[in-house]
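Beneath this line is the structure, given in structure tokens, with notes to follow.
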Amino acid sequence: MRAVELIERKRDGGALSAAEIDFLVQGFTVGEIPDYQMSAFAMAVVLRGMTAKETAALTASMVASGERLDLSRFGRVVDKHSTGGVGDKTTLVVAPLVAACGAPVAKMSGRGLGFSGGTLDKLESFAGYRVDLTTAEFLTQLERTGIVVTGQTADLAPADGKLYALRDVTGTVPAIPLIASSIMSKKIAAGAQAVVLDVKVGSGAFMKERASAAALARTMVAIGVAHGLAVTCELTDMEQPLGMAVGNALEVKEAIAALRGEGPADLVRLVRLAGAEMLVRGRRARDVASALARIDRAIADGSGLAKLRELVAAQGGDARLVDEPSRLPVAPRVEVLRAAHTAYVAAIAADRVGLASVRLGAGREKKGDPIDLRTGILLRAKVGDRVERGAPYAEVHAAGRASDAEAIELVRAAVRWSGARVARRRLVLGRIASR
Ligand code: URA
């Protein structure tokens with residue numbers, strides 16, 4: 001087999017066999033196929049796509065490039081994943097709630113990049129929190145506490161790690177077969193039997209249109225089914241940020257508030273939806289209604305909050321911060337933006353708010369950049385809210401960077417106003433699921 005012939009065939013719109021795909025993936029992982037050939041192959045996939053069979057084969061090869069955890073001794077382990085957005089702190093709330101309801105949650109999360117935040121960065125707001133657990137530590141903690149949220153170990157789907165880094169710098173991220181296989185290979189390798197995926201749609205997401213998000217969801221469900229996983233994809237709105245807080249420590253505070261029953265309506269809605277689905281998929285609840293009741297109970301009786309405390313402590317973080325969120329990192333300056341006229345909020349462009357958070361230091365321009373846990377944006381109104389003249393609609397939490405002024409302008413420009421009443425945005429746009 002010669003790599004160049006396989007690249008040419010894909011370039012010309014042909015299909016590759018599972019063995020041919022495996023040859024490329026394994027060769028690339030061990031360094032026998034150079035970056036330039038794999039980049040050319042990825043670009044051919046961007047332009048020509050892949051059949052469902054090819055996508056399943058690509059996923060299987062990426063799983064086979066490293067270890068696959070066997071979590072079967074823990075019963076049915078559920079995972080969740082969001083394709084990423086602005087202000088998406090759902091994992092911080094839903095993982096403890098689901099674990100408090102008795103379903104083991106074993107989650108490998110990522111860091112933020114561009115305007116998408118990352119769960120690991122947010123969790124590091126708890127001083128000392130470790131995101132680099134070894135596989136042995138991962139398993140021991142899951143056994144002891146029923147919840148783990150850590151970074152991906154290097155042994156899991158290493159082909160994906162290498163390929164994703166290449167795609168990031170060669171303009172080959174936006175291809176459904178590549179995104180779907182990348183996400184699902186990590187979920188499969190991490191050993192979950194059920195996965196609840198939140199596919200974000202809108203300006204603050206990878207997928208700008210509902211149709212492409214649905215296509216991604218269908219592809220991921222098909223991959224999951226081919227590997228024996230139960231998969232649910234919810235398609236949810238990312239035209240405006242989720243919740244009110246954008247930025248690491250600010251989002252952690254909002255997540256703690258949600259676990260106390262004081263979260264913003266859209267975040268709570270998503271948490272209940274994803275949490276209930278995780279319980280049903282994990283076979284810990286017989287239907288959605290009873291699952292929702294259990295999630296609500298775990299909020300009301302404080303057991304979800306207790307589970308977050310347990311998680312933070314187990315991974316070396318300062319768990320006292322869960323009860324004293326005012327001691328989480330705080331930005332030194334807060335610029336309050338006020339409405340020039342009484343009006344309704346018509347839009348809050350999630351991408352602009354996300355970009356503003358990057359300018360404030362809360363997100364990173366490129367992989368490996370340091371981030372500032374203290375900074376970000378706190379919205380005081382969402383689409384559909386009426387704001388009186390002179391009342392605040394957003395706060396910009398800044399640390400004195402040269403780009404702060406630009407961030408403030410981005411937040412101002414993100415908000416569109418209307419003199420007439422505006423409907424609230426629909427949060428849940430669809431659902432695609434395996435049986
Ligand atoms: N997230 C991933 O893990 N992989 C992709 O390709 C895109 C988003």
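These numbers come from the heavy atoms of this one structure, side chains and all, not from hydrogens, waters or symmetry mates. Every number for a ligand or one of its atoms is a count from 1 in the order of the listing.
Thr236 and Lys200 share a donor-acceptor pair across their side chains, judged by distance under 3.5 Å alone.
Not a single heavy atom of Val173 lies less than 4.0 angstrom from ligand 1.
Taking a cutoff of 4.0 Å between a charged side-chain nitrogen and a carboxylate oxygen, Asp70 and Arg68 do not qualify as a salt bridge.
With hydrogens and angles disregarded, no donor-acceptor distance shorter than 3.5 Å links the side chain of Lys187 to the backbone of Ser185.
Atom CG of Leu360 is separated from atom CD1 of Ile408 by 7.5 Å, given to the nearest 0.5 angstrom.
Close N/O approach between Tyr164 and ligand 1 is not found [any backbone or side-chain N/O within under 3.5 Å]. The distance criterion of under 3.5 Å between nitrogen or oxygen atoms is met by Ser182 with respect to ligand 1.
Of all atoms in ligand 1, numbered sequentially from 1 with element shown, those under 4.0 Å from a heavy atom of Phe206 are 7 (C), 8 (C). In the vicinity of Ile183, heavy-atom distances shorter than 4.0 Å reach the ligand 1 atoms 1 (N), 2 (C), 3 (O).
The protein non-hydrogen atom at the shortest distance from atom 3 (O) of ligand 1 is Lys186 NZ, 2.4 Å.
Judged by the 6.0 Å distance and 45° axis criteria, Lys162 is positioned over the aromatic ring of Phe28.
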